[in-house]
Number of protein chains: 2
Amino acid sequence: MDRKKTQGQRVTLADVAKMAGVSKQTASRVVNDSAQVTEETRARVLKCIEVLGFRPSALARQLNSGRSYTLGVVANAEIGYLTNGAAYVGMVRQADQLGYALLSKEMREFSRSSVDIMLNHLIERHVDGIIWAGPEIGDSHAWMNDYPIDDLPMPIVVINAHPRAGVDTVGFDNFLAGKNATRHLLSLQRRHIGHISGPMQRWVSQQRWAGWRAALEEAGLAEEQSCYVEGDWEVTSGGPSLRRLLDVCPQLDAVFVGSDRMALGVLHEAHRMGLRVPEDIAVMGIDNDPQSAYFMPPLTTMHQNTVLMAEVALRLLVRRISERRDEPYPAACAEAEATVLTHELIARESTLGKSTA
Amino acid sequence: MDRKKTQGQRVTLADVAKMAGVSKQTASRVVNDSAQVTEETRARVLKCIEVLGFRPSALARQLNSGRSYTLGVVANAEIGYLTNGAAYVGMVRQADQLGYALLSKEMREFSRSSVDIMLNHLIERHVDGIIWAGPEIGDSHAWMNDYPIDDLPMPIVVINAHPRAGVDTVGFDNFLAGKNATRHLLSLQRRHIGHISGPMQRWVSQQRWAGWRAALEEAGLAEEQSCYVEGDWEVTSGGPSLRRLLDVCPQLDAVFVGSDRMALGVLHEAHRMGLRVPEDIAVMGIDNDPQSAYFMPPLTTMHQNTVLMAEVALRLLVRRISERRDEPYPAACAEAEATVLTHELIARESTLGKSTA
DNA sequence: CTGAAAGCGCTTACAG
DNA sequence: CTGAAAGCGCTTACAG
């Protein structure tokens with residue numbers, strides 16, 4: 001199939017045209033399946049394309065069409081972000097289905113100048129749209145409030161961040177997730193329910209924490225709101241956090257942990273301390289990692305479908321792209337916008353005990 | 001800073017030139033920090049760039065230079081591939097440092113035509129180089145044997161695959177990893193050492209399996225080579241695999257499990273069956289997931305630094321790109337090529353018992 | 001059905 | 001130090 005070019009020189013449309021004895025745009029028409037070509041000419045051109053091993057240059061094409069069919073993804077690539085990169089997989093897959101490629105960029109710092117650099121990068125590369133998937137840490141997303149986002153040459157969709165006027169966001173209601181998690185523990189007659197949060201500069205952590213507080217308040221247990229320590233979302237911080245929590249709150253009989261990974265550390269430490277789960281202390285996490293069902297005991301947790309979130313965000317973005325250009329968007333993108341996705345309680349032995357195993 | 005263009009029209013170099021009253025290539029010189037410009041002119045042009053909010057088009061630039069500063073990554077984005085996507089993070093990061101962006105593509109099928117489609121995609125998009133990170137499944141990589149890889153317009157580096165003549169590969173010696181894992185169990189006086197492999201169409205699984213067999217043979221225990229079942233690398237297959245293994249091999253006193261995830265399933269099932277780990281059965285995995293240290297008991301495993309693998313592969317690729325163009329390559333890429341990376345035994349309670357805890 | 005012209009936004013020689 | 005010309009590889013109107 002592929003004919004080698006001695007010099008690694010690119011085979012161009014002009015080469016094909018010359019060989020086929022037609023003009024460039026006739027060749028172009030064949031490449032683009034335009035109807036206006038004799039079957040005979042078409043066949044000849046196709047033959048030349050094959051013989052020469054011609055591949056159209058997306059670059060040149062993009063330069064004319066003003067469209068790159070590339071989406072930029074800005075992420076803070078911390079290990080384990082968005083549940084083991086599953087969300088990223090969802091994006092790649094959905095992008096592929098919609099005919100787009102993904103350009104990955106990492107951001108490690110969130111100053112205004114870093115944001116500018118990142119946006120410039122993506123604009124220079126003519127991405128058709130942007131998925132902003134960096135976690136909201138401190139005021140990392142503050143620039144969106146005053147930056148003229150609408151003046152960007154392309155639409156942008158933000159993942160799992162504080163909703164902002166004029167910004168498309170897709171994510172979960174982490175407040176409600178935290179609240180429902182705590183309600184589950186309350187429903188099991190626990191009354192001293194502590195919380196180990198993720199890093200508190202993070203919006204997601206704050207939301208879950210606030211949900212926990214709200215549930216306690218709702219149950220008339222506001223005084224328990226002091227049963228709280230901050231972790232870092234990693235498995236290593238689970239054990240130490242549990243110990244600190246027991247210092248603060250010796251009567252602890254349940255704990256809502258801000259991630260399944262930390263919950264594993266908690267289970268491990270509880271075991272070492274001789275605490276029985278759930279008899280002495282009920283433990284629940286949030287994430288529903290695939291492994292959580294195999295912890296000892298299996299972990300009760302809140303499931304958030306991050307893959308779906310990624311797909312929804314991507315479809316919304318592609319839809320916005322089409323809208324800006326007054327083009328019809330793909331049917332797949334016409335689905336209702338679910339900008340706030342729902343979670344699901346996965347109840348297992350770490351709160352229910354063996355009876356239901 | 002950024003001046004809005006009413007129509008979303010791109011600000012071009014021509015706009016800047018006109019406003020500054022200079023020619024396009026003088027403006028170009030300023031943008032590219034070329035020396036040959038009066039300080040005065042430079043200042044004027046820079047002012048116009050800022051006022052107009054000009055951003056150079058990477059597309060147009062690439063079209064001339066024949067260089068896109070983009071690397072294609074072909075992956076089979078299965079969940080958990082390359083330990084939680086950590087390898088991908090390594091690539092993004094290293095690419096960024098070397099001034100490249102990453103274009104992600106997923107491959108789910110490995111027929112020759114799929115390969116062609118993928119390569120064409122990447123060639124069309126003018127990537128400067130390719131990281132082939134799809135797992136080697138069956139004959140998924142067979143095309144590399146006869147395909148004129150050298151005739152591709154860009155270099156390619158293959159990750160964790162069977163070495164092939166004329167192909168740059170970066171990966172681990174999984175045979176040796178399997179062998180050393182088994183040796184560890186042998187050193188603990190275990191004599192009935194079973195193996196639960198990953199999917200056997202996969203080259204990596206085959207290698208680890210072969211390493212296990214070699215170690216048994218070396219110890220004069222070739223008859224134990226029947227103590228083997230095939231898993232699928234996921235946590236769900238650990239328990240069922242252990243049961244099947246005990247059917248085949250009732251005297252089992254140790255098991256080398258092909259992934260930490262499956263090992264978790266094994267620990268869970270052993271616990272349910274009343275088997276003590278490691279007294280009744282020693283368990284070891286391979287991967288060294290961050291969580292493995294917190295399993296009950298903590299899991300002995302083989303560590304493979306997939307992040308390093310990704311970085312090494314990327315640097316090698318960038319080096320090859322430079323070599324093809326007879327350009328000096330970045331200092332970072334001059335490091336010795338470590339195409340076969342080493343693993344490390346992480347010994348924990350699941351084989352050693354409590355004494356060392 | 002097919003082609004000559006102009007242009008996408010920039011850069012690389014070549015002049016001055 | 002600066003500019004007019006040609007070109008990267010393709011496409012979009014406009015003619016015929």
Side-chain angles (χ1 to χ4, degrees), chain A residues 5 7-46 48-49 52-69 120 123-128 153 325 327, chain B residues 5 7-46 48-49 52-69 120 123-126 128 153 325:
Chain A
K5 293 281 295 181
Q7 269 312 324
Q9 291 286 341
R10 216 180 161 93
V11 181
T12 81
L13 196 61
D15 296 331
V16 173
K18 190 194 290 176
M19 182 172 180
V22 299
S23 70
K24 282 192 297 178
Q25 57 281 44
T26 297
S28 172
R29 285 187 188 105
V30 172
V31 172
N32 294 294
D33 269 330
S34 174
Q36 318 286 59
V37 189
T38 321
E39 201 42 61
E40 191 187 3
T41 338
R42 170 187 305 281
R44 190 152 34 94
V45 172
L46 283 175
C48 297
I49 287 176
L52 292 171
F54 168 74
R55 276 120 166 184
S57 160
L59 244 46
R61 207 173 247 173
Q62 291 165 198
L63 200 55
N64 293 305
S65 66
R67 187 137 188 189
S68 67
Y69 284 99
N120 282 339
I123 293 172
E124 285 176 14
R125 283 171 175 277
H126 295 236
V127 298
D128 291 338
R325 298 175 191 248
E327 295 169 3
Chain B
K5 292 279 295 183
Q7 268 313 325
Q9 291 285 341
R10 220 181 158 89
V11 181
T12 81
L13 196 60
D15 296 333
V16 173
K18 187 194 290 177
M19 183 170 178
V22 299
S23 69
K24 283 193 295 177
Q25 58 280 41
T26 297
S28 171
R29 287 186 186 104
V30 172
V31 171
N32 294 295
D33 268 330
S34 173
Q36 317 286 59
V37 188
T38 320
E39 201 42 60
E40 190 188 1
T41 336
R42 171 187 305 282
R44 190 150 35 93
V45 173
L46 283 176
C48 296
I49 287 176
L52 292 171
F54 167 75
R55 278 118 169 185
S57 161
L59 243 46
R61 205 174 247 171
Q62 291 165 200
L63 201 55
N64 294 304
S65 65
R67 188 139 190 186
S68 66
Y69 285 100
N120 282 338
I123 293 172
E124 286 176 14
R125 283 172 175 276
H126 295 235
D128 291 338
R325 300 175 189 247

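The basis for the numbers below is simple: all heavy atoms, side chains too, and nothing from hydrogens, waters or symmetry mates. Numbered from 1 within each chain, the chains take letters A, B, ... in sequence-line order.
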For [Y], does its backbone N or O pair with a side-chain atom of [X] as donor and acceptor, under 3.5 Å?
X: D33(B); Y: R29(B); result: no
X: R44(A); Y: A20(A); result: yes
X: S68(A); Y: H126(A); result: yes
X: S65(B); Y: R61(B); result: yes

With [X] via side-chain hydrogen bond (donor to acceptor under 3.5 Å, both in side chains) - residues at least two apart:
X: R125(B); answer: T70(A)
X: T38(A); answer: T41(A)
X: S28(B); answer: N32(B)

*Reported CD1-to-OG distance for the pair I123(A) and S57(B), which is rounded to 0.5 angstrom*: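 Output value for this atom pair is 11.5 Å.
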*Measuring from D15(B):CG to K24(B):NZ, what's the distance to the nearest 0.5 Å?*
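Output value for this atom pair is 11.0 Å.
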What are the atom names and distances for every N/O pair under 3.5 Å that joins the protein to nucleotides 14-16 of chain C?
none

*asked:* A side-chain contact here means heavy atoms from C-beta on lying under 4.5 Å apart; do D128(B) and R67(B) qualify?
replied: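 In short, these two side chains touch, coming nearer than 4.5 Å.
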_Once you apply a heavy-atom cut-off of 4.0 Å, does V22(A) come out as touching a base, just sugar-phosphate, or nothing?_
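Sugar-phosphate, backbone atoms only, no base.
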*asked:* Counting the atoms with a prime plus P, OP1 and OP2 as sugar-phosphate, which does S65(B) contact under 4.0 Å by heavy atoms, base, sugar-phosphate, or nothing?
replied: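 If one applies the 4.0 Å heavy-atom cut-off, S65(B) turns out to touch nothing in the nucleic acid.
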For atom [atom1] of [X] and atom [atom2] of [N], their distance in whole Å:
X: R67(A); N: dT12(D); atom1: CZ; atom2: P; answer: 13 Å
X: L13(B); N: dT2(D); atom1: CG; atom2: P; answer: 15 Å
X: R125(A); N: dG9(C); atom1: CZ; atom2: C1'; answer: 16 Å
X: I123(B); N: dG9(D); atom1: CD1; atom2: C1'; answer: 16 Å
X: Q62(B); N: dT12(C); atom1: CD; atom2: C1'; answer: 17 Å
X: N32(B); N: dT11(C); atom1: CG; atom2: C1'; answer: 8 Å
X: K18(B); N: dG9(C); atom1: NZ; atom2: P; answer: 12 Å
X: D33(B); N: dT11(C); atom1: CG; atom2: P; answer: 12 Å

With respect to the side chain of [X], which nucleotide from [options] is positioned closest?
X: V37(A); options: dT11(C), dT2(C), dT2(D); answer: dT2(C)
X: S28(A); options: dT11(D), dT2(D), dT11(C); answer: dT11(D)
X: T38(B); options: dC10(C), dT2(C), dT2(D); answer: dT2(D)
X: T26(A); options: dT2(D), dT2(C), dC10(D); answer: dT2(C)

*Intra- and interstrand pairs of DNA chain C - dot-bracket, Watson-Crick/G-U under 3.5 Å, | marks other strand*: |||.||||||||.|||
*Considering heavy-atom distances to DNA chain D, does T41(B) or H126(B) have its closest nucleotide positioned more toward the 5' end?*
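Going by which nucleotide is closer to the 5' end, it is T41(B).
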_From CA spacing to verdict: side-chain contact (heavy atoms from CB on, under 4.5 Å), S23(B), T26(B)_ = CA-CA 5 Å; S23(B) 69; T26(B) 297; 3.2 Å; yes
_Strictly below 4.0 Å: does R61(A) bring a side-chain N or O up to OP1 or OP2 of dT11(D)?_
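Answer yes for this pair, as a side-chain N or O of R61(A) is under 4.0 Å from OP1 or OP2.
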_If you compare every side-chain N and O of S23(A) against the phosphate oxygens of dG3(C) (OP1, OP2), does one of them come in below 4.0 Å?_
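Affirmative; the distance criterion is met.
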*F54(A) and L13(A): CA distance, side-chain angles, deciding distance, side-chain contact (heavy atoms from CB on, under 4.5 Å) verdict*: CA-CA 7 Å; F54(A) 168 74; L13(A) 196 61; 3.8 Å; yes
Look for any protein N or O under 3.5 Å of an N or O in nucleotides 6-8 of chain D and output each such pair with its distance, or none.
{"residue": "dG7(D)", "atom": "N2", "partner": "N64(B)", "partner atom": "OD1", "Å": "2.7"}
{"residue": "dC8(D)", "atom": "O2", "partner": "N64(B)", "partner atom": "OD1", "Å": "2.6"}

